[in-house]
**Student:** 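Just dropping this structure here.
For clarity, every value in this text was computed on a predicted model and none was experimentally measured. Remember, it's 1-based here, ligands and their atoms both numbered in the order they're listed.
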Amino acid sequence: MALYSAAAAVLEGLERGDGGIKSLVYNSRFPHVRQLYALVSETLRYSPVLEKLLSGSALLQAEKKLPPQLAKVLVYDLLFGKGLKCGGRWKALARRHRARLEAELARLKVQQKVSRNEDLLAPAASPTASQLPRYVRVNTLKTCVEDVIDFFKRQGYSYQGKADSMEDLRAISKKKFTSDLHLPDLLVFPSQTDFHDNVLYTSGHIILQDKASCLPAFLLDPAAGSHVIDACAAPGNKTSHLAALLKNKGQIFAFDVDTKRLATMNTMLMRAGVTGFQLAQQDFLTVDPRDPKYARVTHILLDPSCSGSGMVTRQPGEEAAPSPERLQALAGFQRKVLSHALSFPALQRLVYSTCSLHREENEDVVHAVLQEQGSAFRLVNAFPSWPCRGLSTFPGAEGCLRASPTDTLTQGFFVAVLERCGEGAAALSSLPVAAKENLQHREGTGTTAAAPRKRKRKKQRVKE
Ligand code: SAM
């Protein structure tokens with residue numbers, strides 16, 4: 001049996017419930033099982049898109065003898081696969097409709113405002129929160145990574161060294177742990193590990209923080225001594241991360257409007273040993289960029305309120321999809337607050353982040369504000385080896401980072417790094433970052449963790 005007919009037969013079998021994909025492929029007697037398996041899996045992945053293309057192009061109406069599953073396989077291979085390398089008469093048939101199918105695909109991309117084929121795909125089914133690894137950020141204000149590793153070894157955990165791939169992270173189980181492959185001060189434990197009662201947590205030596213939420217401070221990368229604003233700061237995990245990167249040298253101005261969250265934040269920052277911060281209950285939009293107090297602010301972390309659609313810890317029944325009106329209101333606020341942040345006169349670098357999956361709160365906000373700024377700021381191609389990039393909704397949007405349970409084993413997240421262009425861009429803050437990004441490009445690993453790091457001076461020893 002030819003490849004396309006075999007793939008169509010497997011799809012029909014799946015539809016009838018004759019078995020799973022593996023067993024149907026193996027029972028098909030097709031000689032190249034891997035090839036068949038790959039074609040069936042990919043056709044299934046693109047199935048919702050293929051259905052739209054078949055209906056929009058009216059292919060099945062024009063070719064009455066063409067079975068629907070075979071049509072799907074042919075259209076998949078023609079537009080997204082290897083381009084119909086085999087197929088005899090079916091190949092000739094599909095090629096007769098090529099122009100119409102390609103036009104339909106282009107229409108679909110315009111309609112969904114994307115340029116890459118894969119952006120047409122809905123996100124894959126995600127692991128639940130309880131399946132994500134437990135990430136532990138070592139608070140380098142109080143201890144160092146080596147001491148924390150020793151501590152957990154003494155508690156019976158087996159250290160696996162630094163992970164080389166996402167597979168290594170997926171494989172973490174039982175009482176094993178590893179150092180993260182992307183972020184230097186992050187340890188990774190099995191998903192169900194609970195450290196809330198652990199002395200390292202209660203004493204502020206470790207912070208229980210999702211890996212994606214560590215990206216903003218890591219990518220802002222302020223040099224020790226910098227003046228930094230955390231514009232929407234509570235409950236303060238990113239603020240404490242900033243303080244660790246600043247080595248408590250410099251100044252953090254942190255704002256939030258929520259009293260309760262600010263109180264929690266204050267306790268957390270104290271516990272983490274953060275000094276040199278000013279916490280204000282204030283709407284960041286009312287903070288005056290011309291106030292001499294902020295004249296030396298070169299870095300801003302902006303993590304504003306969002307729909308939270310990337311969070312996989314939602315309670316059952318909680319509304320995950322915001323209404324179009326709510327999304328519009330959030331995006332309006334996010335644009336406003338981003339524009340405001342960019343108006344601080346000494347600003348060199350800003351990180352914008354959300355835990356939303358919605359383009360409207362992410363790429364669209366960044367694009368709109370960059371356009372409004374003219375050539376004053378540029379989007380940095382941040383962390384080139386990070387596997388999940390911004391949706392290609394505007395030229396260069398791939399410079400943004402996305403994170404998801406499926407691709408990065410984290411909460412859903414979005415990060416964009418903006419830098420001042422031209423004469424205003426002081427060497428002061430951009431140099432170390434540029435050096436870091438060059439290194440990432442050159443080595444193709446993109447991880448600062450891969451760069452040689454000096455062994456940290458041992459801080460206060462961790463006690464069991
Ligand atoms: N960055 C925080 C962290 O890592 O812990 C999380 C920030 S949370 C996503 C957004 C915060 O923005 C909320 O605490 C909310 O109260 C605050 N917020 C909303 N509107 C604000 C405004 N106009 N000015 C300052 N903070 C605001």
**Student:** Looking only at atom types and distance, does a side-chain atom of Gln281 sit under 3.5 Å from a main-chain N or O of Val257, one as donor and one as acceptor?
**Tutor:** yes
**Student:** What does the 4.0 Å heavy-atom contact list look like for ligand 1?
**Tutor:** Ala231, Cys232, Ala233, Ala234, Pro235, Gly236, Asn237, Lys238, Asp256, Val257, Asp258, Arg261, Gln282, Asp283, Phe284, Asp303, Pro304, Ser305, Phe333
**Student:** Could you verify whether a donor N or O on one side chain and an acceptor N or O on the other, from Thr298 and Gln348, lie under 3.5 Å apart?
**Tutor:** no
**Student:** By the ring-ring contact (aromatic ring centres under 6.0 Å, His included) test, which pairs, at least two apart or in different chains, include something from residues 250-272?
**Tutor:** Phe253-Tyr294, Phe255-Phe284
**Student:** Give every residue pair that meets the salt bridge (charged side-chain N to carboxylate O under 4.0 Å, His left out) criterion with at least one member in residues 275-301, sequence neighbours excluded.
**Tutor:** none
**Student:** Just to verify, what does Glu372 make a salt bridge (charged side-chain N to carboxylate O under 4.0 Å, His left out) with, not counting sequence neighbours?
**Tutor:** none
**Student:** If we ignore angles and hydrogens, is there a donor and acceptor under 3.5 Å between the side chains of Thr408 and Arg402?
**Tutor:** no
